[in-house]
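Whatever order the structure lists them in is the order used to number ligands and atoms, beginning at 1. All residue numbers in this chain count up from 1 along the given sequence.
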Amino acid sequence: MNKISDIETIRSLFPALEQTVNSRKLVYLDNGATAQKPKQVIDMVNLMNSGVNGNIHRAVHELSSKTTELYEESREVTRKFMNAAQREEIIFTSGTTASINLVAVCYGGKHLKKGDSVLISEAEHHSNIVPWQMICQSKEANLRVIPVDENGHWRMDMLDNLLDSSVKIVSVSHISNVLGLINPVEELIFKAHAKGIPVLIDGAQSIVHIETDVRKLDCDFYVFSGHKLYGPTGTGVLYGKREILDSMPPWMGGGDMVDTVTLEKTTYAPLPLKFEAGTPNFIGAAAMAEAIRFVESIDRKLLDKMEQSIVDYMTEELLKIDGLRLYGRGDSRISLFSFTVNGAHPSDLAMIMDKMGVALRSGQMCAEPLMRRFGVEAMLRASFAAYNTIEEAEYFIASLKRAIKMLS
Ligand code: PLP
């Protein structure tokens, strides 16, 4: 099949991009928070809600067989997309947050003891901080942190000291939702493994911007959310190496995660169902497979070329603006930019730009420790997706300049 090789075709697949907001053509640059959905994702949700609907894994009737097939097919599509070795290694969750909580409770709960440590970085989303704080608190373990330097890079020079024998797991983002830098996760994984420590990679931002190969990375866990990957909300994935997932106790108890149940004792289903208690979001999972198929239908060269031209244009133009401070500086980055402007509050800028049709994120970005690191209370963020054009980047820069002028 021919791959999509132009951006107009990509845009034509997204009904949301046709709308006007505040009487202006929408320029949607809040993709780091959630992405818009292509037609094939919407169609799958509608098809299933309109009738291809029967609870999975449970009944012998036709509708249940169809939805079970779609659900398990999605697991296979996801497995291939991440290059996982086996379908048993793909656990469907409700998103990145749920996936990290699952690992914190099931892996951390089993392995952490008083005085042990969990290692994260200073640039994590709250979803990759709070679950670890909670399990550390209950186990009397410690949360250790890799600091970031002025440019937002991990202080790799401190890693050897931080990775001592008290560390039982490392959990870090592949790409921070604030800084947009591609972190040196390969080096971290290599160093952690040399000491027998497993590593979880939070791929919430990376999954949509760079190709993910969990076997090449050799990470022990990899997590992401469907909604940032053009899929539905309430969908997500926990990839885990089979032997580690096998060794972990289940998280939630309920239907589908059991083998046999008596009132005295329950034995659990094998992977992946062991971690999928209750009726899962099977419509969402089937639609997430469509999101992955959409991403795979685009020529990778087009995606990489667009990403680079937006990175080059945006970096150059942002840095020309007086009083603008860009957080996350370096060549290895994605088209996600967080910044502050002297004398202009991020929320005021975001509100003015909303009136111009530009949707941005402002605030603490669910990364309060990182805000504190840079001595600011809030930032403004523009984050691009496969359907965003250079013209939109130009409109964004022109609108930003106008908004700054209005506030000065
Ligand atoms: N981790 C990172 C790096 C993120 O960017 C986000 C969301 O913005 C999350 C975790 C949490 O994702 P979700 O809210 O979809 O569970």
Side-chain angles (χ1 to χ4, degrees), residues 28-37 41 78 91-105 118 120-134 145-146 148 152-154 170-185 188 199-210 212 217 219 221-239 251 275 280-281 284-285 287-288 291-292 327-328 333-338 359-371 373 378-385:
Y28 186 76
L29 298 180
D30 194 15
N31 297 286
T34 198
Q36 301 301 340
K37 320 300 169 201
V41 168
T78 309
I91 313 293
F92 286 133
T93 68
S94 63
T96 306
T97 303
S99 300
I100 297 173
N101 273 276
L102 192 163
V103 178
V105 170
V118 172
I120 62 168
S121 90
E122 200 176 14
E124 298 309 317
H125 188 281
H126 293 165
S127 295
N128 198 23
I129 301 174
V130 185
W132 298 113
Q133 274 174 341
M134 288 161 70
V145 181
I146 310 168
V148 298
H153 297 267
W154 289 344
V170 179
S171 187
V172 287
S173 57
H174 203 160
I175 298 178
S176 142
N177 62 308
V178 176
L179 304 168
L181 299 172
I182 303 172
N183 291 317
V185 290
L188 177 74
V199 180
L200 180 151
I201 302 295
D202 172 355
Q205 296 296 335
S206 49
I207 193 80
V208 65
H209 285 275
I210 56 180
T212 301
L217 279 176
C219 54
F221 301 102
Y222 196 99
V223 300
F224 70 87
S225 302
H227 69 100
K228 296 184 201 282
L229 184 68
Y230 314 107
T233 45
T235 61
V237 169
L238 162 64
Y239 157 82
W251 184 21
F275 292 109
N281 183 359
M288 191 179 76
I292 293 176
Y327 302 89
R333 63 147 40 253
I334 60 162
S335 50
L336 177 153
F337 310 88
S338 299
L360 300 169
R361 172 79 193 269
S362 59
Q364 296 171 332
M365 315 282 166
C366 293
E368 270 189 70
L370 196 59
M371 298 296 119
R373 160 68 180 85
M379 294 181 188
L380 189 60
R381 182 183 73 188
S383 52
F384 292 70

I'd like the residue list for ligand 1, meaning every protein residue with a non-hydrogen atom under 4.0 Å from the ligand.
G32, T96, T97, H125, S127, N177, D202, A204, Q205, S225, H227, K228
Going by side chain to side chain donor-acceptor pair (under 3.5 Å), name the residues that satisfy it together with H153, two or more places apart in sequence or in a different chain.
none
Of all the heavy-atom pairs spanning T235 and A285, show the shortest one and how long it is.
CG2-N, 3.9 Å
Any idea which heavy atoms bring A367 and H126 closest together, and the distance?
N-NE2, 3.3 Å
Identify the residue among K228, R361, R381 that makes a salt bridge (Lys or Arg N to Asp or Glu O under 4.0 Å) with D30.
R381
Distance-only side-chain donor-acceptor flag, N128 / S171, under 3.5 Å
yes
For N177 versus L336, what's the shortest heavy-atom pair and its separation?
O-CD2, 3.5 Å
